[in-house]
Amino acid sequence: MQLPRWWELGDPCAWTGQGRGTRRMSPATTGTFLLTVYSIFSKVHSDRNVYPSAGVLFVHVLEREYFKGEFPPYPKPGEISNDPITFNTNLMGYPDRPGWLRYIQRTPYSDGVLYGSPTAENVGKPTIIEITAYNRRTFETARHNLIINIMSAEDFPLPYQAEFFIKNMNVEEMLASEVLGDFLGAVKNVWQPERLNAINITSALDRGGRVPLPINDLKEGVYVMVGADVPFSSCLREVENPQNQLRCSQEMEPVITCDKKFRTQFYIDWCKISLVDKTKQVSTYQEVIRGEGILPDGGEYKPPSDSLKSRDYYTDFLITLAVPSAVALVLFLILAYIMCCRREGVEKRNMQTPDIQLVHHSAIQKSTKELRDMSKNREIAWPLSTLPVFYPVTGEIIPPLHTDNYDSTNMPLMQTQQNSVSVLYCYLDFRLFSEVIRFSTNVLFLF
């Protein structure tokens, strides 16, 4: 079982001394280390205790190698197992983690990381985090508890805080102890504080940033907040110059003299740096000036009492249904009277229509009926148009086109069709002639 790293114990990112990378544990931290080692070895495979400080970055790595021995079949000594393992973390008795604690794991083949900045409200209250490991190959699970005992910091909060945005890092890369130590060392050389702590680390995606394209090894970016006990150096305040502010508004890089101390490993966006001075307390209270859009103070809200009188909704129900129903009934009666009681009828229509138009219409209907009857039954006698007719010019009787015993089946198809068309034309000419004679007779009768 591996021991917890130095950033999981007490003051994880405290820097003292004059050189970069010099770390010295205080007596309280040393005592905490001994207590932590004892608690871990006394509770193997059960609970793990860590002691972070309030207002100081807390990082805890969930190592896959530590949980591999929990899944059967248990690997033998020297045997290498590379099963995919994922983790689920939550506060005991709750579905999620505390608000200050975050978790990240890129792939099932990488370690998970719990990180965040504990708050002062949780000092002295043990926070139990349930860690469930899932073996994605065998579907086995293992559960451990992480007990976070938040301790109060000596100088909490640090009065001067600066937040840097590093463009060429992801959050899990920045959480590594070596990378975070190198960054704090570079900040220490620029700021020259007596005490320097990493306060918080936030991914740019949590600040509304966009996922970078998978080209040219682009990174998501990470915000790193550090705190110190001395005012900001002149190099850090160069970003507040009007010239640099103008260059930032034009999306140009500002000119910072100490940027070369970070450029070898960290690409910092100086336009997004934030400097906070906690010693200058600014009152946030503002007197409310009443005007348009602000309602007057109505006092305390008084809810209605339990002894409310019952209200009868029967009358409202009748009014709601009766009025629309009555209106619909009146409209229906008016429409029925118009459609049924105001019809003129066929007789009145014929009386108002001229006789010659009625005669013409009747003739057309009679001819149409005759043609329809012919099409229904082809075994009936020859139509009237094929019977002998009286020729008015010479007085001769014209015989029919075909006799009754004429067999049309022996006639060629084209000739039959031509004869049928000729018969139809003769019939139509005769009907037209009859209608003209009838029309002329009716006109003479009228005059």
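Just the heavy atoms: all of them, side chains too, but no hydrogens, waters or symmetry mates, feed the values below.
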Exercise. Taking the side chain from Gln105 and the backbone from Ser110, do they hold a donor-acceptor pair closer than 3.5 Å?
Worked result: yes

Exercise. So, Gln365 versus His361: side-chain donor-acceptor pair below 3.5 Å or not?
Worked result: yes

Seminar exercise, completed: When every non-hydrogen atom of Leu62 is compared with those of His60, the smallest separation belongs to CD2-CD2, 3.5 Å

For this session: Taking all heavy atoms of Leu158 and all of Gln161, pick out the closest pair and write down the distance.
Result: O-NE2, 3.4 Å

Exercise. Are Lys272 and Phe165 in a cation-pi contact, defined as NZ or CZ under 6.0 Å from the six-membered ring centre and within 45° of the axis?
Worked result: yes

Exercise. So, Ser367 side chain and Ile364 main chain: donor-acceptor pair closer than 3.5 Å or not?
Worked result: no

Exercise. Got a second to check how far Arg237's CZ is from Ile256's CD1, nearest 0.5 Å?
Worked result: 13.0 Å

Exercise. Taking all non-hydrogen atoms of both residues, which atom of Thr279 and which atom of Pro159 are closest, and how far apart?
Worked result: CG2-CB, 3.7 Å

Problem set entry | Side-chain donor/acceptor of Trp270 to backbone N/O of Cys248, under 3.5 Å | no

Problem set entry | Test: Arg48 cationic atom under 6.0 Å from Tyr66 six-membered ring centre, within 45° of axis | yes

Problem set entry | Donor-acceptor contact present, side-chain Asp96 to main-chain Asn90, <3.5 Å | no

Problem set entry | Thr127 vs Leu91, side chain to side chain contact (heavy atoms under 4.5 Å, CB included): CA-CA, chis, key distance, verdict | CA-CA 7 Å; Thr127 303; Leu91 183 64; 3.5 Å; yes

Problem set entry | Distance (rounded to the nearest 0.5 Å) between Ile85 CD1 and Thr138 OG1 | 8.5 Å

For this session: Give a yes or no on whether the ring-centroid distance for Phe67 and Phe87 is below 6.0 angstrom.
Result: yes

Problem set entry | Under-4.0 Å salt bridge between Arg207 and Glu163 | yes

Atom pairs and distances, side-chain donor-acceptor, residues 313-331, under 3.5 Å, sequence neighbours left out:
unit_1 : atom_1 : unit_2 : atom_2 : d
Thr320 : OG1    : Asp316 : O      : 2.6
Ser325 : OG     : Leu321 : O      : 2.7

For this session: Output yes when a side-chain donor or acceptor of Asp47 lies under 3.5 Å from a complementary backbone atom of Leu146, and no otherwise.
Result: no

Exercise. Between CD1 of Ile148 and CG of Asn49, what distance do you get to the nearest 0.5 Å?
Worked result: 10.0 Å

Exercise. Taking Asn135 for the side chain and Arg137 for the main chain, is one N or O donor matched with an acceptor at less than 3.5 Å?
Worked result: yes

For this session: Mark yes when over 12 heavy atoms from residues, nucleotides or ligands other than Gln250 sit less than 6.0 Å from its CD; otherwise mark no.
Result: yes

Problem set entry | Any Asp83 side-chain heavy atom under 4.5 Å of Lys68 side chain | no

Problem set entry | Electrostatic pair Arg64-Asp111, nearest N-O below 4.0 angstrom | no

Problem set entry | Under 3.5 Å: donor-acceptor pair, side chain of Asn244, backbone of Glu238 | yes

For this session: Would you confirm whether the ring centroid of Phe183 sits within less than 6.0 angstrom of the ring centroid of Phe164?
Result: yes

For this session: Would you confirm whether Gln245, through its side chain, and Val239, through its main-chain N or O, come within 3.5 Å as a donor-acceptor pair?
Result: yes

Exercise. About how many Å separate OG1 of Thr202 and CE of Met225, when rounded to the nearest 0.5 Å?
Worked result: 7.5 Å

Exercise. Is there a donor-acceptor pair under 3.5 Å between the side chain of Ser117 and the backbone N or O of Ile199?
Worked result: yes

Exercise. Less than 4.5 Å apart, any side-chain heavy atom of Lys167 and any of Ile268?
Worked result: no

For this session: Measure from the ring center of Tyr115 to the ring center of Phe58 and say whether it is less than 6.0 Å.
Result: no

Exercise. Taking all atoms of both residues into account, what is the closest heavy-atom pair of Phe232 and Ala162, and its distance?
Worked result: CE2-CB, 4.1 Å

Problem set entry | side chain to side chain contact (heavy atoms under 4.5 Å, CB included) between Tyr109 and Asn82, worked out | CA-CA 8 Å; Tyr109 297 94; Asn82 193 27; 3.6 Å; yes

For this session: Mind running side chain to side chain contact (heavy atoms under 4.5 Å, CB included) on Lys125 and Ile150 for me, showing each step along the way?
Result: CA-CA 7 Å; Lys125 301 177 182 179; Ile150 302 176; over 6 Å; no

For this session: Would you give the length of the straight line joining atom CD1 of Ile104 to atom CG of Asn170, rounded to the nearest 0.5 angstrom?
Result: 7.5 Å

For this session: Look at Arg106 together with Glu220 and state whether they make a salt bridge at an N to O cut-off of under 4.0 Å.
Result: yes

For this session: Answer yes or no: are there more than 12 heavy-atom neighbours, outside Glu253 itself, under 6.0 Å from its atom CD?
Result: no

For this session: Considering only NZ, NE, NH1 and NH2 on the basic side and carboxylate oxygens on the acidic side, decide whether Lys219 and Glu173 come within less than 4.0 Å.
Result: yes

Exercise. Short question: side chain of Ser203, backbone of Val222 - any donor-acceptor pair under 3.5 Å?
Worked result: no

For this session: Check the pair Arg102 / Asp206 against side chain to side chain contact (heavy atoms under 4.5 Å, CB included), numbers first and verdict last.
Result: CA-CA 11 Å; Arg102 298 186 181 93; Asp206 297 333; 3.8 Å; yes

Seminar exercise, completed: In short, Lys261 meets Thr264 closest at the heavy-atom pair O-OG1, 4.4 Å

Exercise. Within 45° of the axis and under 6.0 Å from the centre of the six-membered ring of Tyr134, does NZ or CZ of Arg136 qualify?
Worked result: yes

Exercise. CE/Met92 to CD1/Ile128 distance, rounded to the nearest 0.5 angstrom?
Worked result: 4.5 Å

Seminar exercise, completed: Heavy-atom nearest pair, Pro52 first then Asn149, reads CD-O, 3.4 Å

